[in-house]
Amino acid sequence: MNSADCSSHSATARLLHFGSPGAIYLRRFVGSLHVGRCGSNPTHVKTLRLRSNPPKTITVTEAEVAASAKIIDGKMVAKEIRDEITTEVSRMKDAIGVVPGLAVMLIGERKDSATYVRNKKKACESVGINSFEVRLPEDSAETEVLKFISDFNDDPAVHGILVQLPLPKHMNEQNILNAVSIEKDVDGFHPLNIGRLAMRGREPSFVPCTPKGCIELLHRYGFQIKGKKAVVIGRSNIVGMPAALLLQREDATVTIVHSRTQNPEQIVKEADIVISAVGQPDMVRGTWLKPGAVVIDVGINPVEDATCPRGYRLVGDVCYEEARKVVSAITPVPGGVGPMTIAMLLSNTLSSAKRIHNFQ
Ligand code: NAP
């Protein structure tokens, strides 16, 4: 199967669930061109010499060479942000002896959730933030979870509390998220934080990490948001809805597309900025996109691919190969929004510690 053939994903390829065995297979990125991409079947190839140290030679398809879209490199930006956080954490420790701390709660045995928690802990370590982990079995009582949250709320060493979602079915997500102190709600999911995000003249203590990462990418690449037409595809509480609120706060004119929207392609075609958070592999085709648009693809969709070492690969919601011939800039999947989410979690934890200790 050729990776440019997006129609085959929706028609025949099986969307895998993240609980599937096996870890995520990551493409390697060199400069702005990606290599090592399983699933591609290049019939016309070129060899490029990159100005890296030491110089590298890579093979890319002609289509890749011809494509004009700038690749928005989330991995690189996230690294920049993590370096900035490392510096700030150490400055704070030296000045006032405080180290930011993040408490992460994992309830149940989901493998994907365990991987996310492990990655968050590793990311904390890499920037010098302390992490505290609580793992509870699937059949724990909700009161037990609430007790841990209450203790973390009172613990001065903890500046951020994150409860890994989804929770076991018998637990009430609303009760649990509401119990997190809004001053430590680094995920930004507390209704007060979301409410403030939605209101003019109010400031949330925290903004949810994934949509915050999308906007940060737009800022760091210098794309104008003010006055632009933006379309957000998806309206979930954790990505689509807060992404639309953030774009509106930045003075974009925002339309939300969801599963009941009629003629989504016509609406998307008008957008200067598209943020897609749907969870449908390659749903947004090149023909849906306005030439020159900027695309932030939040979707992470594993699809079967026997040519990949793990038997699957990750694709976004947007057909990347088609889109990059039409738009001016696009995030890859993986390597786009994903790394930004964790970077924003670290940033929220640092901001929380600074606010609590009144450290500028
Ligand atoms: P979600 O809660 O399942 O929400 C999906 C949204 O997409 C819903 O609002 C749904 O509409 C809409 N939708 C579904 N099918 C659609 C269609 N055919 N046309 C238009 N809209 C459609 O998912 P989520 O948690 O927001 O996540 C979305 C994607 O982002 C997933 O692939 C997830 O893995 C990925 N994600 C990535 C990161 C990251 O760090 N990169 C973080 C979080 C999520 P209705 O509201 O009408 O049902």
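Atoms within each ligand, like the ligands themselves, are counted from 1 in listed order. All values below were derived from every heavy atom in this structure, side-chain atoms included, with hydrogens, water molecules and symmetry-related copies excluded. For reference, positions follow the sequence shown, starting with 1.
Those atoms of ligand 1 with a heavy atom of Val239 less than 4.0 angstrom away are 26 (O), 43 (C), 44 (C). Atoms of ligand 1 lying under 4.0 Å from any heavy atom of Thr341, numbered from 1 in the order shown and given with element: 39 (C), 40 (O). Remark: ligand 1 atoms within the under-4.0 Å shell around heavy atoms of Asn301 are 32 (O). Applying the 4.0 Å criterion to heavy atoms of Gly338 picks out, from ligand 1, the atoms 40 (O), 41 (N).
Across all their heavy atoms, Glu322 and Cys6 have their closest contact at OE2-CB, 4.3 Å. In terms of heavy atoms, Pro137 sits closest to Glu109 at CA-OE2, 3.7 Å.
Below 3.5 Å of separation, one finds an N or O of Ile300 facing an N or O of ligand 1. Looking at ligand 1, you won't find any N or O of Asp317 less than 3.5 Å from one of its N or O atoms. Checked by distance only, ligand 1 and Arg260 stay at 3.5 Å or farther apart across all their nitrogen or oxygen atoms.
Nearest to atom 30 (O) of ligand 1 by heavy atom, out of Thr261, Val298, Leu165, is Val298. With distances taken over non-hydrogen atoms, the option nearest atom 6 (C) of ligand 1 out of Gly74, Pro339, Gly240, Ala277 is Ala277. Considering Met283, Met344, Met241 only, the shortest heavy-atom separation from atom 19 (N) of ligand 1 involves Met283. In this comparison of Ser276, Ser259, Pro208, the heavy atom closest to atom 11 (O) of ligand 1 sits on Ser259.
With hydrogens and angles left out, the side-chain atoms of Ser276 and Asp317 include a donor and acceptor closer than 3.5 Å.
Cluster membership for Leu102 and Ile356, using ILVMFWY side-chain heavy atoms within less than 4.5 angstrom, is not shared. Put simply, Val186 and Val239 are part of the same group of oily side chains (I, L, V, M, F, W, Y) that touch within less than 4.5 Å, one to the next.
Only side-chain heavy atoms of Ile238 come within less than 4.0 Å of ligand 1; its backbone N, CA, C and O stay farther off. By the criterion of a heavy-atom distance under 4.0 Å, both the backbone and the side chain of Val278 are placed next to ligand 1.
Within a 6.0 Å radius of NZ in Lys70, no more than 12 heavy atoms belonging to other residues, nucleotides or ligands are found.
In this structure, Arg355 is positioned above the aromatic face of Phe206, its NZ or CZ under 6.0 Å from the six-membered ring centre and within 45° of the axis.
No salt bridge links Asp73 with Lys75; every basic N to acidic carboxylate O contact stays at or beyond 4.0 Å.
Judged by the shortest distance from any of its heavy atoms, Pro264 lies outside the 4.0 Å radius around the atoms of ligand 1.
Note: Phe132 and Phe152 have tilted aromatic rings, judged against thresholds of 30 and 60 degrees for the angle between ring planes.
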